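Structure, as structure tokens:
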Amino acid sequence: MASAQSPSRREIEVEFLAGVGRAVGGAVVFSLPVLMTMEMWSLGASLDRWRMLALVAGLIPLLVGLSRFIGFEETTCWRDDIRDALVAFAVGVVTSAVILSLFGLIEPRMSFDEIMGAIVIESVPASLGAVVAQGQFGKPDESDERHAREAGYWAELLFMAAGAIYLCFSVAPTEEVDLISAEMTPFHAIVLVLVSLAAMHSVVYVLQYAGQEPVEPEGAGFWSLFARYTVVGYALSLLVCFALMWTFGRFDDLGIEAALRLCVTLGFPAAVGAAFARLIV
Amino acid sequence: MAEEGAETRRVGWLEWGVAGLGAALVVGVLGVLTHEALTYEDGPPAIIATVDDVSQGPGGYVVRFTAKNEGASTAAEILMLAELKQGDAVLESAEVTLDYVARKSSKQAGVVFARDPAGAELTIRATSYRKP
């Protein structure tokens, strides 16, 4: 944007609106699986309010961080990142509210806290989608390129956490996770951990997807990459599962072993989501 | 990093407006949730059914009713039992399960009777529920 003459005010607003349009698109794509899951609507009504508070309080810093590296708009300072995160959250909330009303899932006969609960839950994937859509599908420009190069180790971890949250979020509230983890023997659980780790590593380093991560630092050996990225990423995925399951109140009636098995079960989609997030972003 | 991108993109009023909306939503949501969390009292759900209307259809008499949860917690899989009574004798009964009713919210449902409810005493009540 550092071109000859500065754009007129009208151009600035039009460009912003186009960006909002892209963000709405991303919000719809990311939130539809969650919007059309019944457990999610009832969760909005029944979820403990402190935990929902924790969910929103955790979401905002995540949006700021994502906006820092992929961004709703190309950003250069923290103030811009915070503004972009807020825009993404606004887009997420409004999009969720509109779609929920379109589906007739929120209506006047429902109490205010049920309606707000449903919208807040849906706004998590929706605002993640809003942030990602602009970063990935917006017009590329030089400052984006520069940012992509600056995204270092911690940014990679952030992408992984975001990917894990996104893929987990649509699965975590369903009863099927309970059923699957109840069916699994300890042997199954161990194999699933190993498979998750292998899947993560191969998605990013072996299978030659477009956007495959370069080996960094150059010439780093398998074990170095595996320990620094894959193992840490998997641990992060498990933490994400733990946090989400706790938020959704799924550990409330479970013993430690059952809870861990639940995390490992959900850890598989989380790990795959984390790995693909590194390729996509 | 900020110093390097000398010529930054100009931000329009609209964008600041939407960002302001976002900030208001964040503060609003956090505020309402905190208020709810602080004022929340644990208590059982209380499902109260009121009859909306009765109409005669080809399959019998359709009774539409609204089940409202006046209690402090959300109930799931609520079994509603509708009975037509004459004195102590139950003439006819029908059941319907509601998926969930959030606290202070309501759901509409219906039961169908073979005989006209007008000639008997109609009661509708919740007989069981599960914690969601």
Side-chain angles (χ1 to χ4, degrees), chain A residues 1-3 6-7 9-17 19-20 38-39 41-46 48-53 56-57 60 73-78 80 82-94 109-117 119-120 123 127 143 146-147 150, chain B residues 1-42 45 52 66-77 98-108 130-132:
Chain A
M1 218 32 57
S3 53
S6 56
R9 174 175 264 181
R10 205 182 118 79
E11 280 167 353
I12 291 174
E13 307 295 15
V14 165
E15 201 167 305
F16 170 69
L17 281 180
V20 168
M38 182 174 154
E39 281 91 346
W41 320 326
S42 51
L43 207 57
S46 61
D48 177 60
R49 298 290 127 162
W50 287 119
R51 299 187 192 196
M52 196 179 270
L53 202 64
V56 179
I60 302 299
E73 296 283 4
E74 57 274 24
T75 52
T76 43
C77 69
W78 284 105
D80 290 355
I82 291 169
R83 186 194 61 224
D84 290 351
L86 291 174
V87 170
F89 185 72
V91 167
V93 168
V94 173
R109 71 169 54 248
M110 290 164 63
S111 67
F112 173 73
D113 70 48
E114 184 179 10
I115 294 176
M116 191 194 65
I119 294 176
V120 167
S123 73
S127 39
S143 73
R146 204 182 57 228
H147 250 110
E150 276 168 17
Chain B
M1 268 171 257
E3 302 77 45
E4 214 174 306
E7 193 78 18
T8 51
R9 188 182 58 88
R10 285 191 53 198
V11 177
W13 289 112
L14 205 54
E15 185 164 353
W16 280 114
V18 177
L21 173 69
L25 285 171
V26 173
V27 173
V29 165
L30 292 179
V32 172
L33 286 177
T34 308
H35 172 76
E36 283 189 346
L38 290 175
T39 55
Y40 177 75
E41 279 172 43
D42 191 32
D52 295 329
T66 300
K68 188 167 196 314
N69 184 357
E70 307 266 13
S73 55
T74 298
E77 287 173 27
L98 306 177
D99 288 332
Y100 72 94
V101 183
R103 55 177 179 269
K104 313 294 180 201
S105 285
S106 54
K107 283 270 157 73
Q108 276 187 312
R130 162 177 91 66
K131 185 174 171 279

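Here is the naming used below: chain letters follow the sequence lines, and residue numbers restart at 1 for every chain. Note that the structure is a prediction, hence the values are computed from the model and not measured.
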Which residue out of Gly117(A), Ser42(A), Ala57(A), Ser127(A) racks up the most heavy-atom pairs below 4.5 Å with chain B? Ser42(A)

For chain B, the option from Val56(A), Asp113(A), Val93(A) that forms the most heavy-atom pairs under 4.5 Å: Asp113(A)

Residue among Leu38(B), Val29(B), Asn69(B), Val26(B) with most heavy-atom pairs under 4.5 Å to chain A: Val26(B)

Main chain of Ser111(A), side chain of Ser105(B): is a donor-acceptor contact present, judged purely on distance under 3.5 Å? yes

Looking at chain B, which one of Leu17(A), Ile82(A), Leu53(A) has the largest number of heavy-atom pairs inside 4.5 Å, strictly under? Leu53(A)

Residue Thr74(B) versus chain A: region with a heavy atom under 4.5 Å: side chain

Give, as side chain, backbone, both or neither, the part of Thr66(B) having an atom under 4.5 angstrom from any heavy atom of chain A. side chain

Does any heavy atom of chain B fall under 4.5 Å from the side chain of Met110(A), the backbone, both, or neither of them? both

Within the supplied structure, the quantity of interest is the number of heavy atoms (other residues, nucleotides, ligands) at a distance under 6.0 Å from Trp16(B) CH2; does it exceed 12? yes

Given 3.5 Å as the limit, does a donor-acceptor pair link the side chain of Glu77(B) with the main chain of Arg130(B), or not? no

With no hydrogens and no angle check, is any side-chain donor or acceptor of Lys107(B) less than 3.5 Å from a backbone partner on Leu98(B)? no

Applying side-chain contact (heavy atoms from CB on, under 4.5 Å) to Glu11(A) and Val14(A), what does each step give before you reach the verdict? CA-CA 5 Å; Glu11(A) 280 167 353; Val14(A) 165; 5.7 Å; no

Phe112(A) six-ring face occupied by Lys104(B) cation (under 6.0 Å, within 45°): no

